[in-house]
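A short write-up of the structure that comes next.
Lettering follows sequence order; numbering is per chain, from 1. Model, not experiment: these values are computed from the prediction.
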Amino acid sequence: MTHDHDHIPDELRPLDRALTREGEIARLEGVPVASRVGERTASMLRPDARPRTLRFPPLWLTLGAPLAAAAALTLIVLNGTPNAGDSHRAPEVVAADLEGAIDVWIELDSRWANDPFHNDIAALSLEAASTAAQRHPTDDVSGLLDTDL
Amino acid sequence: MAIPEPGAELPPADLAGLVSSACEGDQGAWRRLVDLYGPRVFALARSRLRDVDVAEEVTQSVFATIAMKLGKGQYAEHGRFEPWLFRIAMNRVRDAVRQARKERDTERLRLASVADESPVSAAAPDIAGSPQLRDALTRLSPPDRDIIELRYHAGLSFRQMTDLLDEPLGTLLARHHRALKKLKRMLEPETDKLPADARATNAEGRA
């Protein structure tokens with residue numbers, strides 16, 4: 001970085017050089033930081049990346065759907081199990097019910113595998129970070145830099 | 001590793017092109033912008049907060065805000081990208097300073113900073129990177145410190161600072177000069193601060 005040092009008196013030039021070096025050291029430290037930040041924030045450029053809940057199912061649905069499917073399967077199995085007082089359903093009907101329920105279960109399970117839980121957590125975290133980042137009404141207002149700390 | 005060139009040296013048309021591409025969702029252009037300005041924002045935050053992790057958080061927060069505003073088409077500061085970016089950065093840094101004070105965490109930050117010796121600074125023969133210089137910076141008034149850190153850490157030119165701070169160039173140059181003089185006095189040994197006749201009296205007394 002080149003600075004115009006012409007206005008600086010000779011007596012202050014050593015300090016000016018030390019501060020310039022100090023700034024260079026700090027910026028050098030910031031190079032890998034910038035790389036990480038660029039990577040993390042790139043997806044936030046896309047308006048369709050927000051709100052994340054539009055791209056990812058809500059957490060309660062992700063967790064609840066497999067549980068509901070499991071409960072439904074259990075009910076079907078219980079209903080289909082022959083017992084002393086229940087002989088009106090033919091075995092092939094029960095088998096077809098079970099097969100259908102298992103298909104539903106497999107489909108839900110594959111969906112669960114394709115949309116893993118940690119994706120949702122990551123999306124929620126990013127959304128929370130975005131929301132936090134938006135809570136700064138002073139960003140677009142100039143002239144606030146002389147605010148007393 | 002080369003120190004990235006500051007955005008000030010990027011031709012305005014190139015900068016405008018990068019910003020425009022980023023507004024359209026070009027992630028390559030966005031990463032280039034962050035590579036250019038990220039180290040400068042980090043350096044500013046690092047100097048003020050004296051904590052690497054908090055400085056990285058602030059840097060991320062700044063660029064998250066910028067990305068969201070660009071992506072949503074809320075960038076209305078055409079031709080004034082740098083002042084806009086550093087205004088956001090300064091506000092975030094101040095928020096983080098307030099937060100750190102609120103948590104009464106400043107002592108931990110100070111210790112972390114003193115313990116964190118950069119290998120580059122250790123090799124430097126001058127006072128750059130020294131705890132004395134960093135301590136002296138903390139004793140400057142906030143407006144003086146703004147000038148010093150925007151100049152040396154964020155790497156802004158005085159002309160860019162006029163846009164950011166809304167001050168005439170001459171005023172900023174004078175403030176910079178005064179801030180440097182104050183820093184110099186803080187870094188001088190105590191005896192050097194005495195008037196010449198007082199130093200002579202002291203010397204006679206010791207003799």
What I want to find out is whether B:Glu56 reaches A:Arg40 closely enough, with some N-O distance under 4.0 Å, to be called a salt bridge.
yes
Do you know the tightest heavy-atom contact between A:Ala26 and B:His153?
CB-CD2, 4.2 Å
Derivation of the side-chain contact (heavy atoms from CB on, under 4.5 Å) call for A:Leu45 and B:Glu24:
CA-CA 8 Å; A:Leu45 278 180; B:Glu24 290 163 10; over 6 Å; no
If you take all heavy atoms of B:Ala43 and A:Gly23, which pair is closest and at what distance?
CB-O, 4.4 Å
Nearest atoms (heavy-atom pairs only) where A:Ala34 meets B:Gly38
CB-CA, 3.8 Å
Calculate, to the nearest 0.5 Å, the distance between atoms CD and CG belonging to A:Glu22 and B:Leu137 respectively.
6.5 Å
B:Lys181 side chain reached by A:Leu12 side chain, heavy atoms, under 4.5 Å
yes
So which heavy atom on A:Leu15 is nearest to which on B:Lys184, and how close?
CD2-N, 3.6 Å
For a quick test of your reading: what N or O donor-acceptor pairs under 3.5 Å do the side chains of residues 26-34 of chain B make, sequence neighbours left out?
unit_1	atom_1	unit_2	atom_2	d
B:Asp26	OD1	B:Gly28	N	2.9
B:Asp26	OD1	B:Ala29	N	3.1
B:Trp30	NE1	A:Thr41	OG1	3.0
B:Arg31	NE	A:Glu39	OE1	3.3
B:Arg31	NH2	A:Glu39	OE2	3.2

Interchain contact, B:Thr59 with chain A, by part (heavy-atom threshold 4.5 Å)
both
A:Leu19 side chain near B:Leu180 side chain, heavy-atom distance below 4.5 Å
yes
Drop me the distance from B:Tyr152's OH to A:Arg17's CZ, to the nearest 0.5 angstrom.
11.0 Å
Taking C-beta and beyond as the side chain, do B:Gln60 and A:Arg36 meet within less than 4.5 Å on heavy atoms?
no
So which heavy atom on B:Phe42 is nearest to which on A:Glu29, and how close?
CE2-CB, 3.7 Å
